[in-house]
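Structure, as structure tokens:
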Amino acid sequence: VNMWNDLDNARPEAKKRLSAMADCSPDEIALNRNSSEGLCTAIFGIPLKAGDEVLLSDWDYASMVAAWDQRRQRDGVALASVSFDLMDADDVIVEAYAKAISPRTKVMHLTHMVHYTGRVLPVERLCALAKKHGIITVVDAAQSFAHIPFSFRKIDCDFLAVSLHKWLCAPIGTGMLIVRSSRIDET
């Protein structure tokens, strides 16, 4: 038996255990190298056309903003910035996103926990707002998974990515992308 057989055989059990922690189906999980890879899978896989708008904030991870900028350059996707202060109340943050939504808004990229301050943003409320407007949600949960109480079902987003090496202390180069089952065939 070699290492690759062992790893391949362990994958279903790993997905089962991770799905219990994340409150999702094992079939909604794709194992990968980290949250950046998972988020980029969503960013470059969501079907968007020129003029479709993506909402980002000043607090999103710079590498993910750069990935969305690649979509802007390649596909003509429009990027709009939502501004708020990290000390703002949740209601103020939700209102900032609500005001930024336009008829062209197709995606909201959301950070669950800001990587350099630990501020937890109201992603559940933001995902509910997006759903009300038919907007796809992509959640960066690199800092929150296994660090704070967490439920994919409760957050109710379309795509969510985590780095397993952070709070689970899994080996470097392990991550997870969770894709709502109804979105799997779209990307």
Side-chain angles (χ1 to χ4, degrees), residues 11 15 18-19 21-82 97 100-101 104-115 121-146 150-166 170 173-187:
R11 190 172 302 146
K15 284 183 166 186
L18 286 167
S19 71
M21 290 181 69
D23 189 22
C24 67
S25 166
D27 295 337
E28 294 174 306
I29 292 176
L31 298 175
N32 57 27
R33 292 179 290 185
N34 54 47
S35 56
S36 293
E37 183 175 80
L39 291 166
C40 283
T41 299
I43 290 167
F44 293 108
I46 294 171
L48 296 171
K49 61 185 182 317
D52 287 347
E53 183 178 75
V54 177
L55 295 183
L56 301 163
S57 84
D58 300 332
W59 308 108
D60 294 323
Y61 193 58
S63 296
M64 298 306 92
V65 174
W68 281 113
D69 192 51
Q70 286 182 15
R71 282 296 306 260
R72 180 191 61 76
Q73 291 174 38
R74 291 177 185 174
D75 303 324
V77 172
L79 305 180
S81 185
V82 179
Y97 277 91
I101 292 172
R104 297 181 336 159
T105 305
K106 303 298 180 205
V107 177
M108 286 172 64
H109 181 100
L110 304 167
T111 297
H112 193 192
M113 180 186 284
V114 177
H115 68 283
L121 298 179
V123 294
E124 290 174 34
R125 291 179 60 192
L126 293 170
C127 288
L129 172 67
K131 193 174 213 174
K132 189 168 105 177
H133 292 276
I135 297 169
I136 296 168
T137 48
V138 178
V139 175
D140 179 345
Q143 304 300 327
S144 54
F145 182 72
F150 185 99
S151 166
F152 178 73
R153 295 283 175 248
K154 193 171 177 186
I155 291 171
D156 200 20
C157 61
D158 296 297
F159 301 88
L160 184 140
V162 307
S163 289
L164 300 172
H165 63 266
K166 293 187 184 253
T174 56
M176 172 173 67
L177 171 64
I178 306 171
V179 181
R180 176 190 302 278
S181 60
S182 63
R183 295 274 183 205
I184 290 173
D185 291 336
E186 294 176 11
T187 52

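The basis for the numbers below is simple: all heavy atoms, side chains too, and nothing from hydrogens, waters or symmetry mates.
- Between D140 and H109, the shortest heavy-atom distance links the atoms CB-NE2, 4.4 Å.
- The distance from atom CE of M21 to atom CE of M176, rounded to the nearest 0.5 Å, is 7.5 Å.
- The minimum heavy-atom distance linking V162 with A141 is given by the pair CG1-O, 3.7 Å.
- Summarising the geometry of E53 relative to A100, their closest heavy-atom pair is OE1-O, 4.0 Å, with the distance given to 0.1 Å.
- Side-chain N or O atoms of S163 include one that pairs as donor or acceptor with a backbone N or O of S35 at under 3.5 Å.
- Rounding to the nearest 0.5 Å gives a distance of 14.5 Å between OG of S63 and CH2 of W68.
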- Go through the steps for D156 and K131 under the test salt bridge (Lys or Arg N to Asp or Glu O under 4.0 Å), then give the verdict. CA-CA 9 Å; D156 200 20; K131 193 174 213 174; 2.8 Å; yes
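- In this structure, F159 and T41 have side chains that are not in contact, with every pair of non-hydrogen atoms separated by 4.5 Å or more.
- Applying the salt bridge (Lys or Arg N to Asp or Glu O under 4.0 Å) criterion to D75, with sequence neighbours excluded, gives R71.
- D60 and T111 share a side-chain donor-acceptor pair at under 3.5 Å.
- In terms of heavy-atom proximity, K166 sits nearest to Q143 at NZ-NE2, 3.0 Å.
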- Message: For V179 and E28: C-alpha separation, side-chain torsions, deciding distance, then whether side chain to side chain contact (heavy atoms under 4.5 Å, CB included) applies.
- Response: CA-CA 5 Å; V179 181; E28 294 174 306; 5.6 Å; no
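- Rounded to the nearest 0.5 angstrom, D158 CG and I178 CD1 are separated by 12.5 Å.
- Between the side chain of R33 and the backbone N or O of G175, no donor-acceptor pair lies under 3.5 Å.
- Counting only heavy atoms from C-beta outward, the side chains of L56 and M64 never approach each other to under 4.5 Å.
- I101 CD1 to K132 NZ: the interatomic distance, rounded to the nearest 0.5 Å, is 8.0 Å.
- Here CD1 of I136 is found 12.0 Å from OG1 of T105. Values are rounded to the nearest 0.5 Å.
- Residue pairs meeting the ring pair (Phe, Tyr, Trp, His ring centres under 6.0 Å) criterion with at least one partner in residues 121-145, sequence neighbours excluded, are F145-F150.
- Counting only heavy atoms from C-beta outward, the side chains of S25 and R153 approach each other to under 4.5 Å.
- Remark: side-chain polar atoms of K15 are paired, donor with acceptor, to backbone N or O of I29 under 3.5 angstrom.
- In this structure, I155 and H112 have side chains that are in contact, with non-hydrogen atoms separated by less than 4.5 Å.
- Considering CG of L18 and SG of C24, their distance stands at 8.0 Å, rounded to 0.5 Å.
- Heavy-atom contacts from other residues, nucleotides or ligands closer than 6.0 Å to OH of Y61 number 12 or fewer.
- Looking only at side-chain heavy atoms (C-beta outward), V54 and V138 stay at 4.5 Å or farther from each other.
- Side-chain contact check for I135 versus L55: every heavy-atom pair is 4.5 Å or farther apart.
- The two residues C157 and V139 have their closest heavy-atom pair at CB-CG2, 3.6 Å.
- Side-chain contact between L110 and C127: present, with at least one pair of heavy atoms (C-beta onward) separated by less than 4.5 Å.
- Under the 4.5 Å side-chain criterion, counting only non-hydrogen atoms from C-beta, F44 is in contact with Q70.
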